[in-house]
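To start, the structure itself, in structure tokens.
Numbers here simply count residues along the sequence, with the first being 1.
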Amino acid sequence: MSGVIETGVTSIAKEAGKYTFTSAIRFIQKKFELLDLSEEDYINYCLTVLKVKTLASGDRSLNIDDIYVPLRLLRAGFSTSIEVLDTTTLDNENRAVLIKGLAGQGKSTLLKKLLSNNSKNFARLPIFYELKNYRGGSLEKAISNTLISYGLRLGEGAIEEILTNSSVKLYLDAFDEVAPSYRQELLTNITRLVNSAKCNIICTTRPDTEIESLYFFETYTVCELVEPQILNIIENTCEDNKKASELCGALRQSSLYKKSDAVLKSPILVVLYCVSYNLGEEVPETLSQFYSNIFDTVFFKHDNLKGSVCRARLWNDNRQIYREIFNFISFGSLKSVCTTLKRDILIDITKGALEYLDQDITHSDRVLDEVVSITNLIIEDGFNEYRFVHKSIQEFYSESFVSGLAHDKKVEFYSAACNKISFYSIFENTLFYLKELDYYDYCEYLFIPSVSNFLNIKAINIDDDYRVSDDVKKIITSSLYMVGELTFNKIKKKESFSFETSKLAIHASVNINFLGLKVIRFIAEFLVHKLDINKLERVAIRDYSDNGQTTFEFTLDELVNLDSLSESEVDDAILMGVSVIVRKEYNQAINKIMNREKNLNSSSYLDF
């Protein structure tokens, strides 16, 4: 065993007593006769997976257990959260767990912490796979390719065999980073694994992605940070206790941190606060101000570290042009859905930025190097590969680029987000910032048209007499269905059965804009608690009497026909969905735009 591996195994052994997955790997080797699977290589792979780089650590890789601050998860259907500690593994009978969280809430960190906990507490063989690398085809093949890159000689067939065993735990990171064109195929793969294999699966995603429609997942949501967690992260991030203490004090006095409405709700924002702000600087009041200041802060810090501006920036002395280039790179890389940013791709995007800004494109190599070295917001991650320190940085500065577009191009962008759900899903978080910083254009060219198109109404206020048209109701009811799973056993004259349902799901083929999907998701959550499950159970038992397990699917219309739901309950749910999700915001947007146009026409200051 190499010295590096031996050191790692020894240090962890002192903490946990023994790597329990060692027994799991030996069990898997023996059961499936995997003679080419090296125990040493597998331990090395696990140690690598458990290493993380943070904005504060720079080029240093740290073990997940050394930087982890306990986060809390709220299980769907429960009112109290659980704290993910060293013993937490989230094992359950369904063998499938989904963890939802916003950008920067620590989903990947949580997943690696759960893997570490599994390794120390359970004899389950962990396999970690970043879903951003999925490009279609079988999931087993994709996992095999990744493991081979780590030196583990496990072909697609071997992975297929391994995943049939309950002694294996598959960790799938960031479903939201899968290209939209591959998501349905991946969902089919995951469903097949859960239904036919016996491995345990934990997957992470941002909210409102297609994977939430899979009924078999036990779903958890990452909770926002509370004061002790925020202060703990500051203490972990700062190099010395004095700075940590002073930053904690400065934060308590700022409007950025309020117990009732804190801006620093996620770990990435707390780390950025520690890295970006020197003592005595004014802390901004809003999330957008906070992100906007980051570029100037790190740029200024680099100048101070390097000495003089001419040494820091060999290509240009204008800080603003670097910001505009960074905006363009953020937008261009996000639009291209590049999960791995190769150097040649980034150089090509940088050329596009220079051309857009009417600059000499022959300097693209140098400009890219300076943007990377000066900001540290894009970092080198492997040979000729780069990544943003966090995707939320890429998304915010994409907003800056869109805000500065010529009017006709901005309208094209909003129209694409309105009419193409795949385009909207790419820029969903960028649009979150645009809603605040480009409110009027966001409402006029995206929000109002999206509501009008979905509800088939003109851009006028939705009043108390509003009723959803039959055509719109038909679209909504045909988009939802309930999945039920019946297990039936008949031995001689004795019969036993169980019927389980989970939630109302949305058909993957449904063609509705983003706001329509939000309304339908609300309706699904509301109606699932109104269902008469006993009536569905009787239908399932009547139609199926053979031993074994089968799955039933009931459309929303069928649920009404079977009297499991009433027509009035569906109508009430649709009206409530429209009222809660869009009505107030829609009416407010229309009124503000009308008032602005009125004021623009009447103001004497605007007579030219």
Side-chain angles (χ1 to χ4, degrees), residues 41-42 44-53 61 64 98-99 101 103 106-112 114-115 125-160 162-163 168-194 197 199 201-206 209-211 214 332-346 349 378-392 394-395 422 425-426:
D41 288 342
Y42 192 84
N44 192 29
Y45 157 74
C46 289
L47 291 173
T48 302
V49 166
L50 293 176
K51 294 289 186 181
V52 293
K53 286 183 179 179
S61 292
I64 186 66
L98 182 66
I99 298 175
K107 298 181 296 296
S108 297
T109 300
L110 264 172
L111 198 63
K112 291 193 175 189
L114 290 169
L115 190 155
L125 191 76
I127 296 176
F128 185 87
Y129 180 67
E130 293 180 297
L131 290 172
K132 67 180 183 180
N133 298 317
Y134 180 74
R135 295 291 183 278
S138 79
L139 185 55
E140 290 90 340
K141 177 64 175 176
I143 293 171
S144 170
N145 290 339
T146 293
L147 293 180
I148 288 172
S149 71
Y150 280 96
L152 295 169
R153 289 176 287 180
L154 286 170
E156 181 179 0
I159 297 297
E160 287 177 356
I162 287 174
L163 294 181
V168 174
K169 197 152 193 175
L170 181 59
Y171 297 84
L172 302 175
D173 191 28
F175 177 86
D176 55 280
E177 293 186 12
V178 178
S181 57
Y182 298 126
R183 289 186 182 181
Q184 186 52 46
E185 190 173 4
L186 178 59
L187 291 178
T188 301
N189 270 276
I190 293 174
T191 301
R192 173 180 53 79
L193 278 179
V194 172
C199 64
I201 295 177
I202 299 184
C203 184
T204 64
T205 186
R206 289 188 184 183
T209 57
E210 296 87 335
I211 197 169
L214 299 184
S333 57
L334 189 59
K335 183 176 182 293
S336 62
V337 200
C338 294
T339 52
T340 301
L341 294 171
K342 299 287 186 182
R343 182 173 176 83
D344 58 345
I345 293 174
L346 272 181
I349 295 173
I378 300 174
I379 58 176
E380 200 164 356
D381 190 29
F383 178 70
N384 272 347
E385 292 186 1
Y386 297 80
R387 65 177 174 84
F388 284 81
V389 291
H390 197 270
K391 194 175 180 182
S392 59
Q394 184 186 25
E395 291 163 337
S422 59
S425 66
I426 293 170

Review point. Could you go step by step and tell me if R206 and E395 meet the salt bridge (charged side-chain N to carboxylate O under 4.0 Å, His left out) rule?
Key: CA-CA 14 Å; R206 289 188 184 183; E395 291 163 337; 2.6 Å; yes
Roughly how far apart are [X] [atom1] and [Y] [atom2], rounded to 0.5 Å?
X    : Y    : atom1 : atom2 : answer
F128 : L114 : CZ    : CG    : 10.5 Å
L111 : I99  : CG    : CD1   : 6.0 Å
S181 : L186 : OG    : CG    : 11.5 Å
S336 : I345 : OG    : CD1   : 6.5 Å
C199 : L163 : SG    : CG    : 4.5 Å
S138 : I159 : OG    : CD1   : 10.0 Å

Over all heavy atoms of both residues, which pair between [X] and [Y] is shortest? Give the atoms and the distance, please.
X    : Y    : result
G136 : Y182 : N-CD2, 3.7 Å
K391 : L334 : CE-CD1, 4.0 Å
G137 : N189 : O-ND2, 3.2 Å
I349 : G332 : CD1-C, 3.9 Å

**Study point:** Y129 side chain to Y134 backbone, donor-acceptor under 3.5 Å
**Key:** yes
Review point. Hey, does the side chain of Y45 reach the backbone of I127 with a donor-acceptor pair shorter than 3.5 angstrom?
Key: no
Could you list the residues that satisfy side-chain hydrogen bond (donor to acceptor under 3.5 Å, both in side chains) with [X], not counting sequence neighbours?
X    : value
S422 : none
T205 : T209
S108 : D173

Point to revise | Within-4.5 Å side-chain heavy-atom neighbours: I426 and K335 | key: no
Quick one: side chains of residues 143-152, donor-acceptor pairs under 3.5 Å with protein atoms, not counting sequence neighbours, listed by atom name and distance.
unit_1	atom_1	unit_2	atom_2	d
S144	OG	L154	O	2.6
N145	ND2	K141	O	3.4
T146	OG1	A142	O	3.4
S149	OG	T146	O	2.4

Practice item. Mind running salt bridge (charged side-chain N to carboxylate O under 4.0 Å, His left out) on R343 and E385 for me, showing each step along the way? Key: CA-CA 6 Å; R343 182 173 176 83; E385 292 186 1; over 6 Å; no
Check your understanding: Looking at residues at least two apart in the chain, or sitting in another chain, which of them share a salt bridge (Lys or Arg N to Asp or Glu O under 4.0 Å) with K107?
Key -> none
Point to revise | Worked check of side-chain contact (heavy atoms from CB on, under 4.5 Å) between E177 and L131 | key: CA-CA 7 Å; E177 293 186 12; L131 290 172; over 6 Å; no
Exercise for review: Could you give me the CA-CA distance, side-chain angles and deciding distance for V52 and T109, then say whether side-chain contact (heavy atoms from CB on, under 4.5 Å) is met?
Suggested key: CA-CA 8 Å; V52 293; T109 300; 5.7 Å; no
**Study point:** Worked verdict on F175 versus L187 for side-chain contact (heavy atoms from CB on, under 4.5 Å)
**Key:** CA-CA 10 Å; F175 177 86; L187 291 178; 3.8 Å; yes
Review point. Under the side-chain contact (heavy atoms from CB on, under 4.5 Å) criterion, do L193 and L170 qualify, and how do the steps go?
Key: CA-CA 10 Å; L193 278 179; L170 181 59; 4.0 Å; yes
**Study point:** Residue pairs involving residues 179-194 (criterion salt bridge (Lys or Arg N to Asp or Glu O under 4.0 Å); sequence neighbours excluded)
**Key:** E140-R192, R183-E210
